[in-house]
Amino acid sequence: MLYPLSYEGRRRRGGETPPTRFESSAGRGHPHWAMTVQPRLGEAVATALTRLGVEATAADVHLERPQRPEHGDWSTNAALVLSRRAGKQPREVAISLVEMLNEAPPEHVTGVEVAGPGFVNFRLAPTWLYEVLREVVAEGEEHYASPDLGHGEKVQVEFVSANPTGPVHVGNGWFGSYGDALARIMSRTGWDVSREYYVNDTGNQMRELGASLLARRRGEEVSESGYKGEYVAELAQQYDGPDDVEQAGRFAADKILAEIRKTLSSLGIEFDVWYSQASIEESGRVEETVGILRERGHVFDSDGAVWLRSTAFGDARDRVLIRSDGVPTYLAGDLAYHRNKFLERGFDRVIDVLGADHHGQVASLKAGVEALGVDPERLEIRLGQLISLVGERMSKRSGHYVALSTLIETLGPDATRLLSLTSSIDQATTLDLDVVRKQSAENPVFYIQYAHARIASIGRVAAERGISRQPLDSVELDPLVHPRELQVLRDLSDLPRVVADAAVDRAPFKVTNWLRGLAADFHGFYHDCRIMDEGIAEELTEARLWLVEATRIGLAIGLALLGVQAPESM
RNA sequence: GCCCUCGUAGCUCAGCGGAUAGAGCACCGGCCUCCGGAGCCGGGUGCGCAGGUUCGAGUCCUGCCGAGGGCGCCA
């Protein structure tokens with residue numbers, strides 16, 4: 001399977017528990033907590049169902065953590081889902097199930113009950129959360145919440161790829177943060193990820209850029225179709241080459257690209273490969289690709305042009321590959337590029353992150369890829385909704401845009417990144433820069449980072465007071481019974497699942513949401529539970545210090561996945 | 001005209017077909033002799049509209065309304 005449709009889907013189809021670190025830890029000799037509660041509950045439910053005459057495996061049993069505490073710690077809708085198979089009413093199945101489970105409850109379970117239309121709710125002793133804490137600490141920042149979902153599949157994430165005709169604007173930064181965070185998340189979950197920036201350094205726009213620069217150098221007006229931004233004038237002053245649009249264009253593009261790279265780098269975004277479109281054209285791969293398509297029988301000639309019969313692959317109309325003047329179209333170059341990705345460099349999967357304004361390219365690109373003999377399912381195109389700016393659209397040609405570098409200077413890199421990582425890229429966003437500036441102090445990133453800094457501060461205070469943590473193996477966690485403490489541990493128990501969902505759904509914002517929740521619950525814990533004080537028993541201090549350490553690990557993992565700093569102080 | 005995406009609280013956004021739809025911001029009140037108050041606690045309004053699918057729909061399907069984007073021998 002190339003791509004798991006969903007984490008749940010994998011489990012059901014695979015008939016096995018998700019490949020989390022829990023299993024690997026079992027192999028490293030931690031039998032006591034080698035298996036977390038979730039799979040144990042699944043097994044117990046499946047066994048009970050089977051004994052009731054309903055064929056079921058653990059993979060059939062969907063377990064979730066209910067929203068409401070009164071619904072217990074874990075819940076399953078198995079009775080609802082399987083009632084038809086059982087030929088009984090859901091509640092009837094649920095009641096039998098509960099009776100059976102109560103006869104010999106799984107470890108940690110203190111009660112099983114039927115609720116609502118047929119949910120089966122489990123109440124657990126806090127001990128299950130102590131296992132979570134030990135798990136987090138043992139696995140640490142490196143390994144906790146790093147399920148192997150990708151199995152080493154080679155995936156390329158191409159993102160930003162802004163034309164080198166002007167500085168990157170906030171819209172580019174938006175998708176840049178997204179693509180980079182996605183790459184980080186997929187790397188953690190077992191994919192072999194390569195980040196790529198496609199440099200569109202050919203064609204009319206390069207000549208247009210060169211012409212704009214030359215016009216500026218002569219002190220003339222830039223033509224209507226040219227690039228009017230101030231940066232062109234600045235570049236014109238640096239250019240001492242000949243009056244040649246090609247050369248001037250290349251000069252400008254090189255300078256601009258260096259600037260783009262610098263800006264993205266200041267956001268923590270680095271690419272493995274910067275791929276030049278010009279290099280593809282010069283290598284002859286475009287003609288070669290058209291030739292291959294012709295050999296495969298998907299090309300025809302008409303009106304002096306060369307066409308791809310893309311309608312054969314679901315496109316709304318056929319597309320021109322080579323214009324009647326002999327110049328290849330953008331699509332031809334793009335297909336040569338994608339042939340290179342799949343067939344020359346051997347990526348199993350390619351994710352192109354594009355703005356919704358590229359929507360029109362999707363059908364023909366997919367059709368062309370399929371015509372080349374590549375399963376189009378391997379090409380995944382994530383269209384992000386455009387970022388508009390208080391009603392006006394950003395455009396490099398008009399010079400009307402907000403430079404990403406300006407936003408970074410205003411907000412700082414972390415807040416800038418979080419701006420786009422708090423919501424799905426499917427969400428169309430209108431940025432009001434005044435509001436953004438005003439709210440920058442309330443950016444959620446500071447709330448999360450504050451929790452991390454606070455933990456570092458606790459460590460400093462502990463050191464001052466000569467309190468050091470004892471090895472976790474020798475520490476009893478039973479003193480952790482406060483609702484605030486248990487809530488933090490529940491959050492931590494969710495992280496592997498959250499990371500998996502974020503990877504499979506290509507949705508980094510899920511990590512952000514989880515971080516906000518953990519930070520909130522940690523702040524609550526911190527407020528209500530003194531860690532080191534005269535009235536606090538030594539054992540409680542020990543346990544709480546480990547709770548704090550586990551929280552730090554969780555925060556560090558989440559922040560790293562978003563590419564945001566985890567500061568020791570603020 | 002056709003196609004795609006999106007419509008959830010005043011604003012920015014969450015919500016694997018499940019139980020009483022949640023956060024943040026804004027607004028109003030509380031809480032520091034304290035390990036960092038960039039914090040904690042309390043306060044209320046909402047699924048664009050109409051059908052359908054089913055035990056159950058914010059979630060899936062159809063139509064309508066609204067917003068953005070796309071439908072080049074441009075890139």
Side-chain angles (χ1 to χ4, degrees), chain A residues 6-9 62 64 66-68 70-71 75 77 80-81 83-84 89-91 115-119 121 163 165 200 202-206 208 277 302-307 316-317 319-325 327-331 333-334 355-363 383-386 388 393 419 422-424 426-432 435-436 438-439 441-444 446-447 449-451 453-462 464-465 467 484 497 501 504-505 509-510 512-513 516-517 519-520 522-533 536 544 548 569-570:
Chain A
S6 74
Y7 192 50
E8 280 307 306
H62 172 66
E64 64 175 17
Q67 300 288 323
R68 302 179 165 278
E70 60 266 34
H71 294 145
S75 175
N77 63 355
L80 289 156
V81 173
S83 68
R84 189 163 298 180
Q89 292 298 311
R91 263 195 85 90
F119 290 98
N121 295 338
N163 294 343
T165 53
N200 208 323
T202 61
N204 286 337
Q205 60 180 8
M206 282 299 104
E208 201 68 71
Q277 185 180 15
S302 176
D303 302 326
V306 178
W307 296 69
R317 46 167 299 172
R319 310 283 171 175
V320 172
L321 292 172
I322 310 282
R323 294 195 256 151
S324 52
D325 63 5
V327 177
T329 60
Y330 180 83
L331 175 64
D334 213 12
D357 53 338
H358 290 79
H359 171 76
Q361 294 169 221
V362 175
L383 288 180
Q385 294 299 301
L386 293 187
S388 40
R393 188 174 158 185
L419 215 50
T422 50
S423 70
S424 157
D426 292 334
Q427 191 67 236
T429 305
T430 304
L431 265 192
D432 185 329
V435 173
V436 167
K438 216 175 294 171
Q439 292 188 346
E442 283 120 32
N443 190 298
F446 301 122
Y447 183 79
Q449 290 181 319
Y450 183 53
R454 204 168 219 184
I455 288 172
S457 170
I458 291 166
R460 289 189 291 268
V461 171
E464 277 168 26
R465 299 187 188 177
I467 302 172
R484 297 286 210 177
R497 179 52 179 274
D501 284 347
V504 170
D505 298 341
F509 76 91
K510 294 190 176 191
T512 312
N513 284 351
R516 291 166 82 156
F522 177 76
H523 286 309
F525 154 77
Y526 179 86
H527 184 267
D528 285 3
C529 302
R530 302 283 305 165
I531 297 163
M532 301 161 281
D533 216 338
I536 304 295
R544 283 182 171 165
V548 169
S569 65
M570 301 178 64

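Labels below follow one simple rule: chain letters A, B, ... track the order of the sequence lines, proteins then strands, and each chain is numbered from 1. In what follows, every heavy atom counts, from backbone to side chain, and hydrogens, waters and symmetry copies are set aside.
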Out of B:A75, B:A26, B:U5, minimum distance to the side chain of A:N163 belongs to B:A75

Please determine, for the side chain of A:Y330, which listed nucleotide (B:G69, B:A75, B:G7) has the closest atom? B:A75

Can you find a donor-acceptor N/O pair under 3.5 angstrom joining the side chain of A:T202 to the base of B:A75? no

Which nucleotide in the list B:G68, B:C16, B:A14 gets nearest to the side chain of A:S424? B:A14

Trace of the side chain to side chain contact (heavy atoms under 4.5 Å, CB included) decision for A:L331 with A:Q361: CA-CA 8 Å; A:L331 175 64; A:Q361 294 169 221; over 6 Å; no

Check every atom of B:G69, B:C73, B:A14 against the side chain of A:D357 and return the nucleotide holding the closest atom. B:G69

Between A:D528 and A:R484, is there a salt bridge with N-O shorter than 4.0 Å? yes

Counting any heavy atom closer than 4.0 Å, what does A:T422 reach on the DNA or RNA strands: base, sugar-phosphate only, or nothing? sugar-phosphate

May I ask you to say what A:D303 touches in the nucleic acid, namely base, sugar-phosphate or nothing, with a heavy-atom cut-off under 4.0 Å? base

Taking OP1 and OP2 of B:C74, is either one under 4.0 Å from a side-chain nitrogen or oxygen of A:Q361? no

Given B:G69, B:G36, B:A75, identify the nucleotide with an atom nearest to the side chain of A:Y450. B:G36

Are the ring of A:H71 and the base ring of B:A19 both nearer than 5.5 Å at their centres and tilted by less than 30°? yes

At under 4.0 Å, does any side-chain N or O of A:R516 touch on OP1 or OP2 of B:A14? no

Between B:G36 and A:S457, is there an OP1 or OP2 to side-chain N/O distance shorter than 4.0 Å? yes

When all nucleic acid strands are considered with a 4.0 Å heavy-atom cut-off, which category describes A:N121: base, sugar-phosphate, or nothing? base

Has A:Y447 got a side-chain N or O lying under 4.0 Å from the OP1 or OP2 atom of B:C40? yes

Nearest-neighbour nucleotide for the A:A115 side chain, B:C6, B:C74, B:A19 considered: B:A19

For A:L80, which contact category applies under a 4.0 Å heavy-atom criterion: base, sugar-phosphate, or nothing? base

May I ask you to say what A:I531 touches in the nucleic acid, namely base, sugar-phosphate or nothing, with a heavy-atom cut-off under 4.0 Å? base

Using only modelled atom types and a 3.5 angstrom limit, is any donor from either the side chain of A:Q205 or the base of B:C74 paired with an acceptor on the other? no

Tell me what A:N200 touches on the nucleic acid: a base, only sugar-phosphate, or nothing, going by heavy atoms under 4.0 Å. sugar-phosphate

Ring centres within less than 5.5 Å and planes less than 30° apart: is that true of A:F509 and B:A14 in this structure? no

Of B:A75, B:A14, B:C73, the nucleotide closest to the side chain of A:Q277 is B:A75

Is the phosphate of B:C74, meaning OP1 or OP2, less than 4.0 Å from a side-chain N or O of A:R323? yes

Candidate nucleotides B:C6, B:A38, B:A26, ranked by approach to the side chain of A:M570 - the nearest: B:A38

Selection from B:G36, B:C73, B:C6 that lies nearest to any side-chain heavy atom of A:V320: B:C73

Output the single nucleotide from B:G18, B:C40, B:C71 whose closest atom is nearest the side chain of A:R317. B:C71

